[in-house]
Amino acid sequence: MKLPISWLKDFIDLNGLSIEDIARKLTLAGLEVDEILYAGLPMPTYGTGEKHEFKTNGIAWDREKIVVAEIREVKAHPNADKLTLLNLFDGQQEQVVLTGAPNIFHLKGAGKLEKPIKVAYAKEGSTLYDGHADGQVLITLKRAKIRGVDSYSMVCSEKELGITDESDGIIILDDDAPVGMPLADYIGDAVLDISILPNMARNANVIGIARELAALTGRELKQPNLEIKTSGDSVENSVTIEITNSELNPRFVAGLIRNVEIKPSPYQIQRRLKLAGVRAINNIVDATNYAMIELGEPLHAFDYDILKERAGEKKIKIITRAASEGEELVTLDGTKRKLTAINVLVCDEKGSLSLAGVMGGSESEVYDASKEVLDAIGVETKPGEMPQGKITSRGKSTVNVLLEGAAWNFINIRRTAKQHNLPSEASFRFSRGVHPALAETGVKRGLQYMAAWANGQIAPGLVDTYPLKPKDSVVDVTSQDVKRLLGIDLSLEEISALLTRLEFKCEITDNKLQVTAPNHRMDIDEGVVGLADVLEEVARSYGFDKIPTTTMADALPPQVGNPVHEWEEHLRDLLVAIGLQEVVTYRMTSPERESRVVTHAEYVRIANPIAPERSVLRQSLLASVLEVVEKNAKAESVAMFEVGSIFEPVKNDLPNEPRRLAIVMTGARIASAWDVKDSPKFDFYDMKGRIELLLAGLRFTDIVYAEAASTYTLHPGKSAEIKVNGQVVGVFGELHPLAKEKYAFGDAPVIVAEFDLEKLRGLNPSYGIKPVSEFPPMYEDIAIILDESVAASAVEALIRQTGGKTVTDVRLFDVYRDEKIGAGKKSLAYSLTYQAEKTLTDADAAAIRNKIVKRLENTVGAKLRS
Amino acid sequence: MLDKLNEIEKAALESLASINDQSALDAWRVANVGRSSPLMQVFAGFGKLSKEERPVVGAAANRVKVALESALEERAQAVKNAALAKSLEEEKLDVTLPGREVKIGRLHPSTQQLRRVLAILAEMGFQVYTSREVETDDINFQMLNFPPDHPARDMQDTFFIEAGDRGDNPILMRTHTSPGQIRAMREAVATNPNDPPPIRIALPGMCFRYEQITARSEIQFNQVEGLAVGKGITFADLKGTLTDFVRRMFGQDARVRFRASYFPFTEPSAEMDVECFVCGGKGCQVCKNSGWLEILGCGMVHPNVLQNGGYDPKIYSGFAWGMGPERQLMLRNKITDIRYFWGNDVRFLEQF
Ligand SMILES: [Zn+2]
């Protein structure tokens, strides 16, 4: 919400508080000031990079140089058709000023004016915004000759003074503007841009902010005077109201004003509205908006005579009801809207008039005949442009106005505004809840302003139908409650004082405070929730900064830890230790993206995806990591992993979210350097080595690698299944050449692994550390020749089995094939470590070796290679 | 004979003086103190000398032998030193050439930051509680005091999951880790329904919001929430605990302030600001010159939430707070584009 400080001053005395003080107090109390926009008032100055608490923008007006002046004479420029020469008086002397302003142009050559025109006058040397530049560019007025006439000063537009970005005409001030007064003193302002949190909607108006500020500073809130002078016949004689569903429409108030003269509002009013972000349209529409911004109740003005005409001879009967499915209404933006049952309508006996709380109807809206073609929001159509709104002329301006103030169900308004994409000041407020009590004050305020700005006569009385009065919330508060929840000691009197400032009614009765919520608030409940609601107000009013900081005295809970989380963190540490970079990827992907490595028939689908490529939840962690590796494929080598959930659909229920680990490696095994070239590429065995370390780190010992079932993901000859404790927990291998083709990878093979962490985590690790012998080990190499078909793992198993516990390590250090050995044969060379609880002799070693060789000969037909 | 010895000595020492390498030294040794050297010939010819001459010549020959041997040793040392000096000179490296790159693994920056946060919380007695990423509307919203059509729902634009018509309880991507509050409370109540135990947990995890992916907004982000529930826990305790936490996180001198705010699941609610740790509160780009950084949202657990978790709000109270590890990293490291985190470019990841 944009709040001009000058408006705030109507309701609270701000003497002695700087604008930044005000902004800070509001910010700390939950009304965060996002920006302060200066439009005339002196701005604080900051050096470059110097701290300034609030984002600040705008311009200050020099009190000496920018003043109120009056145009006394309008002459033609001798050498320029489009310019006029103004004789004006700035309070001290006459000045000649050139202008091309279109809103003064019609007076060109009029000579002496009967009634001077008050304007904002900037003297030589003034600093203002350039009215003709895009955006806000500061300029300083300098003397120059324009077509032979001396120009050194100017009459200003709103853009030049930083009020709006309107540069098309000059500001024409109200007739009572004091000539010679510094403009900053007259209409200088600053605007606070305040974020309104959902629970603070009651404060989205001038008096709401003033009330908060009064409570925060202990100053008095100046309540608006709602007295009304009336004349003529009572409105009750011409209008009745029927509410068909009080849940939808708890209250409807209508007032009548006669003989209004539609014209622009006073400039002071227009300026405040514009600073508050609302367009000035005409005095009647402005009065509804002004009263809304001021008090928080959105109002709607009907052309009374149109309603009367529709009613024929009968009394006007306003009916509110839910729309029928498919019903239509032309709203005042000229759009024909198809309605549904959640929309609420204001109707008369002839039919619908407006979309309640959201937008008026076109037919009955207030009409200004002086503006031939206007769209809904008051934009004049430029030549050659299609009019955006209604184009029919009603011929006659509105004379009599029926003013509506009502309360609507916030859910219906919320849904309606969303459904028809009609966010507005009114729907913003109604969709957050407006107390029905405001309907009456709002209508009175609106009528007051209409009478003041449009010379109308207010009819006596209001038609007020109020079938659903909200219950006044009453909450009991004790000092113990305050101590228990806020941790501060306050007497009932102190609590009462804090709440009374926010207009709560407080009554102290035997050790408790009975608190009644004020009638502008819908957010205070009763019972234990009401207590929290009220204590929040106590805390805010007391000041969060004054509440002490203490340490929890309550007992610590039982320490249960989180074994799953801890195990995964350990796993991550192991993965990092084996040289892998962790990545974190999007959960949302598409079946097409995953199909490069795997296809699934069913997915968990997003009903409202931001893009087709993020339409489902991932079902392959490997696909996600492969995408990341692909993006990084230019790097010399990439070795990455991710630990995370995949999402398995369960019909009409929450999906399963099992945990997975995916690893992808590709590129150089060793980093290249100025003297290291052509590093070998990562292959199957690089991955296997890492998996061995990983599983050892997790303390698994029963590990078997077997050929993997064929899929299109992995190379059939270069992939393996990993069994731990007899259970398959994952697969790894080289990416299938056909799968690899679908990615923009380099020449190096892409090695991948995927683990089911749910399974792996469930398996029992084995613990225990072997003692380190004090006797020296013996080392021996043996090389054997045998058939290709014999698996290396089988040979190693035989060696270990035969050698018994004396053979403590078996390391394959060479695999060799050539013609000498023969086709279909291979040579395997092993380095063996013998270790016993004594010093082994050569004879001991020979005995073991012979046993092993004999066993290999007999079992797998191996021959010792000489 | 003595003259001859002097001559031998003089000639030998002269030739030694010009020797600069080991092989010449070896040759010199053979030539001058070797078995067939002139000096040794003198010793060999001893028998032919008279009884009187023998001691005189013997002494002189011995002196020459010692002199030559020590001269040889000295020269050998000098030659060795010279050779070492030469090889040291020749082996000189260009120390400005780059070192060899070591390929190491790293945790993702978000994981690193999550660990920092969780480690501090663990020391403060807050144990990790994790829960699912896909949730139902009632646990993600309704039980946390966001009724359907509540304006507060505008604060959390939501991804919904296709799951048939489930009325007011659709399936969705959790918008915050707060559903874990409900799950954790209910689990704790189940352990002892008559006198539920106190709770102090940290809830880390990925959350999702319906946003366009831009430099400033992402569809997923990590959150860590803290939750304390027990008897007699006050707003003053919230201030104390969070001030402690923030000082551990950002330094013992960190100044903090609490601003009133709004979250449906806490009341009163507050934003906690910490004095900008980049500029020390003097004003900089990171804090947009305000001197303060918005670091976490917090508040007293709303009575409806306690009730929905199974804790009687008339007896129990508590507080909760939430923060974003990615946001913390962005502020700390002046990262201006949130897309880096899930972009996983190694050139970004390697910097952590
Ligand atoms: Zn800073």
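Just so we're on the same page: letters track the sequence lines, and every chain starts at 1. Side-chain atoms are counted along with the backbone in the values below, which use heavy atoms only and exclude waters and symmetry mates.
The two atoms that bring N562(A) and V128(B) nearest to each other are ND2-O, 2.9 Å, heavy atoms only. In terms of heavy-atom proximity, S269(B) sits nearest to E536(A) at N-OE2, 3.7 Å. The heavy-atom pair separating R166(B) from D653(A) by the smallest distance is NH1-CA, 4.4 Å. Of all heavy-atom pairs between E267(B) and V529(A), the closest is OE1-O, 4.2 Å. Y316(B) approaches R484(A) most closely through the heavy-atom pair O-NH1, 3.7 Å. Taking each heavy atom of W674(A) and P98(B) in turn, the nearest pair found is NE1-O, 2.8 Å.
If you tally non-hydrogen atom pairs under 4.5 Å between each of M200(A), H52(A), E642(A), R540(A) and chain B, the highest count goes to H52(A). Of the residues considered (K55(A), R572(A), E569(A), E537(A)), E569(A) shows the highest number of contacts with chain B, using heavy-atom pairs under 4.5 Å. Among the candidates G487(A), A639(A), A532(A), A577(A), the residue making the largest number of heavy-atom pairs closer than 4.5 Å to chain B is A532(A). Between chain B and the residues L197(A), I610(A), L575(A), the most heavy-atom pairs under 4.5 angstrom are made by I610(A). Interface check for chain A: of the options A122(B), C287(B), G99(B), S261(B), the most heavy-atom pairs under 4.5 Å are formed by S261(B). Of the listed residues A188(B), P264(B), P198(B), the one with more heavy-atom pairs under 4.5 angstrom with chain A than any other is P198(B). Contact tally against chain B (heavy-atom pairs below 4.5 Å) for V528(A), L654(A), V583(A): the top residue is L654(A). The greatest number of non-hydrogen atom pairs below 4.5 Å with chain B, out of S431(A), S645(A), S637(A), A539(A), is found for S637(A). For the options V134(B), I171(B), I219(B), heavy-atom pairs under 4.5 Å to chain A are most numerous at V134(B).
Heavy-atom distances place the side chain of E294(B), and not its backbone, under 4.5 Å from chain A. Proximity to chain B is limited to the side chain of V628(A), based on heavy atoms less than 4.5 angstrom apart. In this structure, chain B has a heavy atom under 4.5 Å from the backbone of P609(A), while its side chain stays farther away. At a 4.5 Å heavy-atom cutoff, the contact between L118(B) and chain A is made by side-chain atoms alone. Both the backbone and the side chain of I161(B) come within contact range of chain A, judged by heavy atoms closer than 4.5 Å. Heavy atoms closer than 4.5 Å to chain B are found in the side chain of R614(A), but not in its backbone. For M640(A), the part sitting under 4.5 Å from any heavy atom of chain B is the side chain, from C-beta outward, and nothing else. Both the backbone and the side chain of D573(A) come within contact range of chain B, judged by heavy atoms closer than 4.5 Å.
A 4.5 Å side-chain heavy-atom check between P151(B) and R414(A) finds at least one atom pair inside the cut-off. Looking only at side-chain heavy atoms (C-beta outward), L617(A) and M173(B) come within less than 4.5 Å of each other. Annotation: side chain of E218(B) is in contact with side chain of Y586(A) (closest heavy-atom distance under 4.5 Å). Proximity of F159(B) to N608(A): side-chain heavy atoms (C-beta onward) are separated by under 4.5 Å at one or more points. At a threshold of 4.5 Å between non-hydrogen side-chain atoms, the residues D675(A) and R100(B) count as touching. In this structure, F544(A) and R257(B) have side chains that are not in contact, with every pair of non-hydrogen atoms separated by 4.5 Å or more. Counting heavy atoms from C-beta outward, P148(B) and I411(A) have side chains that stay 4.5 Å or more apart. Side-chain contact between K103(B) and E636(A) is present, with heavy atoms from C-beta onward closer than 4.5 Å.
Formation of a donor-acceptor pair under 3.5 Å by the R132(B) side chain with backbone atoms of P655(A) is found in this model. A donor-acceptor pair under 3.5 Å links the side-chain atoms of Q220(B) to the main chain of T585(A), judged by distance alone. A distance-only check finds no donor-acceptor pair linking the side chain of N199(A) to the backbone of Y262(B) [under 3.5 Å]. Between the side chain of W342(B) and the main chain of V584(A), no donor-acceptor pair closer than 3.5 Å is present. A donor-acceptor pair is defined here as one N or O able to donate and one able to accept, closer than 3.5 Å; no such pair exists between the side chain of E162(B) and the backbone of V604(A). A donor-acceptor contact shorter than 3.5 Å is absent between the side chain of N344(B) and the backbone of E582(A). Side-chain atoms of R259(B) do not come within 3.5 Å of backbone N or O of E32(A) as any donor-acceptor pair.
No salt bridge links K631(A) with D345(B); every basic N to acidic carboxylate O contact stays at or beyond 4.0 Å.
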Verdict with reasoning, Y129(B) to H565(A), per side chain to side chain contact (heavy atoms under 4.5 Å, CB included): CA-CA 8 Å; Y129(B) 183 92; H565(A) 177 77; over 6 Å; no
Audit row: D154(B), K418(A), side chain to side chain contact (heavy atoms under 4.5 Å, CB included) steps and yes/no: CA-CA 11 Å; D154(B) 292 349; K418(A) 254 194 189 160; 4.2 Å; yes
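The side chain to side chain donor-acceptor pair (under 3.5 Å) search around R432(A) returns none, not counting sequence neighbours.
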Side-chain atoms of residues 545-561 of chain A: list all donor-acceptor pairs with protein atoms under 3.5 Å, sequence neighbours left out, distances to 0.1 Å.
unit_1  : atom_1 : unit_2  : atom_2 : d
K546(A) : NZ     : Y542(A) : O      : 3.2
T550(A) : OG1    : A236(B) : O      : 3.4
T550(A) : OG1    : D237(B) : N      : 3.1
T550(A) : OG1    : D237(B) : OD1    : 2.5
D554(A) : OD2    : K231(B) : N      : 3.4
Q559(A) : NE2    : P557(A) : O      : 3.2

